[in-house]
Every structure is written in C-alpha cells, then in structure tokens.
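Throughout, protein chains are lettered first and strands after them, A, B, ... in sequence-line order, and every chain is numbered starting at 1. All of these numbers come straight from a predicted model, not from anything done at the bench.
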Amino acid sequence: MEIDLERTLSSGQFFRWERRPKGFLIQTHGRSFVVDERLEVPLFAQRFLALDHDLPTIRESLRRDRGLRDFVDRLRGLRILRQEPWECLVAFVTSCASNIPRITRNLDALCRTFGSPLPRGGWGTPPPAALVDERALRRLGFGFRARFLVPIAREAERGALRGLERLPTCEARARLCDLPGVAEKVADCVLLFAYERLEAFPVDTWIRRAMTELYFDGRRTPDRELRACAADRWGPLAGYAQQFLYVWARSR
DNA sequence: GACCAGGCATCGA
DNA sequence: TCGATGCATGGT
C-alpha cells in the first residue's frame, strides 16, 4: 500500500502525532496507535489513514495538469487523512495566522490540560464541554484565537456539527461558516480533512502564491477566482491538488 | 526590530 | 465588493 507516513503527517493537515523509535504515535478519534511502514494497525486507523484512496489513479489524473505534472510524481505516498470533525475544527481555528510548529504546540497543550490520557499513550482532544474558559486558553498560548474557541465549543455541544456528513458540500460549508471564527478557508479545511470532501480547496497564503505563479502569471488574484480555477481544472480531486501544491510550495 | 505566519471580523471608500 | 486594520504571540 502506497503511503509515505513522514510526508503525509508533516504536510500540515494533522497535528496530533509524534515520532517514536519505530514509527509514529498518532492520537485521534479518542484513541492512539503506533504505525510504521508495515501498516499493521486496527481498522479505525486504516480508515483514518485513508488507505482506500487510490493514489496512483489520483496522481495519474493530476499529472495531466501542466502546473502539477513537474512535481506530483515526486510526492508519492502523500495522502489526505480522514480526521475526526471536532478535532479538525479545533485544529484549523487554531491555525489562524499561525504556523505548524506553533499549532502543534498549542494543540498539545490543549490536550494535556483539558483532554484525557489515552490507553496506548498520548492525549485525546478535549470534548466541546471542556472548553469553557477563554482566559485559560490564552494562558496556553492560543492568543486571539481563544476568543473563537469557547463559542465554537458551545455551538458544537448544541449539535452544530451533527448531520453535516449527510449534507451537500456547499450546505455543509455554509453551516461551518456560521460558526464564529470560521470562514471559507477553515471551513474548506474541515470539509477536506474530516468530511471526505475531496473537491474542497482551501486557499491559504501558500496556495495563493503557488496558484498565482502557476496559472495567473504572478498577478494578484481574488481567492474566489483561485477556487473557480481549481474546480475547473481538478473538480472532485481539487483537494488532493491543493495538498500537492501546498507541500510543493513549502519545500522550495 | 521589522516582518510574517495553513485568517477572520469589521469598517470605510 | 474591495482593501486596510486589529487581533496575540512566536519565529526568523
């Protein structure tokens, strides 16, 4: 099975993992497991790792694009994981104007402070009911993001995420955007990384740079046009194209 | 010591 | 509808 764990885990889509002497400890869905290249993991972990995505076919499709063809084959084994929606939402609200090392640190502090220890090591993401104290979150280093997390947790407790998996993508996106501190970018991250909407195309600073360079001759272009361009070129695989672009843009 | 970071909300033009 | 700005804090 084609998967590059290092490449996938460090690609900025998921933050609750650690290197171990042999493999990686992954903390998600209220459980944890260690995985190495043998991929001998429980069923829920196989699902999390999205081992059912047909990577060779996805690459073959994206390789036809003139912008992507120079690097898709160099990014073998890069997968889009199937995360737990609440965890993913917390992570990408935290990601607002931040960076991967800091997001990782913030989330780890959050889980150690308000989460529960997991049987096989690590800490679980605290449930919405545990996030009630904005000042405590600020002390953990969340900065202005703390202002959004408490109301979001309250909405989640009221069932704001319930049933989203059954809605069409645009309706699910609208629901997510109703949450404070959630707009198009964060919503698309949650749709792509937790709700299996592989057509979602989150536009962040790196994607903006890559897209304007590859397809707009370096001209500054509204995000709306970048998303339209992505939908046009890659349709149901735009999310995977996004992940290739992100890793490529950051590796230069 | 600026400048920017996997943004969002708000405000004026 | 678009561009500028504040929001916290840490890294370069």
Figure out the CZ/P separation between A:R208 and B:dG6, and round it to whole Å.
12 Å
Between A:Y240 and A:L198 (side chain of the first, backbone of the second, donor and acceptor by atom type, cut-off under 3.5 Å), is there such a pair?
no
A:R250 CZ to B:dC4 P: how many Å, rounded?
17 Å
For A:W206 and B:dG6, is the gap between ring centres under 5.5 Å while the planes differ by less than 30°?
no
Taking atom CZ of A:R175 as the centre, report whether more than 12 heavy atoms of other residues, nucleotides or ligands fall under 6.0 Å from it.
no
Check the interface with nucleotides 10-13 of chain B: list each N/O to N/O pair with the protein under 3.5 Å, or write none.
none

Could you work out the separation of C:dT5 and B:dC4 based on their C1' atoms and round it to a whole Å?
15 Å
Between C1' on B:dG6 and CG on A:L9, what's the gap in Å once rounded to a whole number?
17 Å
CZ of A:F201 versus C1' of B:dG6: gap in Å, rounded?
12 Å
Under 3.5 Å, is there a donor-acceptor pair between the A:S11 and A:Q243 side chains?
yes
Write down the distance separating the C1' atoms in C:dC2 and B:dG6, rounded off to the nearest Å.
23 Å
Want to settle it: does A:D204 or A:V182 sit nearer the 5' end of DNA chain B, counting the closest nucleotide to each?
A:D204
Presence of salt bridge, A:E196 and A:R47, under 4.0 angstrom
yes
Heavy atoms under 4.0 Å, any strand shown: does A:T94 hit a base, just sugar-phosphate, or nothing?
nothing
Length of the CH2-P vector between A:W248 and B:dG6, whole Å:
17 Å
Is there a donor-acceptor pair closer than 3.5 Å between any side-chain N or O of A:R66 and the backbone N or O of A:L214?
yes
Hey, mind stepping through A:I26 and A:V41 against side-chain contact (heavy atoms from CB on, under 4.5 Å) and telling me if it holds?
CA-CA 11 Å; A:I26 292 178; A:V41 293; over 6 Å; no
Between B:dC8 (P) and A:L89 (CG): distance, integer Å:
12 Å
Same hydrophobic cluster for A:V150 and A:V186, using side-chain heavy-atom links shorter than 4.5 Å among ILVMFWY?
yes
Knowing that exactly one of A:H29, A:E87, A:Q27 qualifies, which makes a side chain to side chain donor-acceptor pair (under 3.5 Å) with A:T125?
A:E87
Check whether A:R79 reaches the backbone of A:H53 with its side chain - one donor and one acceptor, N or O, closer than 3.5 Å.
yes
Output one letter per nucleotide in nucleotides 2-12 of chain C: B when a protein non-hydrogen atom lies under 4.0 Å from the base, S when only the sugar-phosphate is that close, - when neither is.
SS---BBBS--
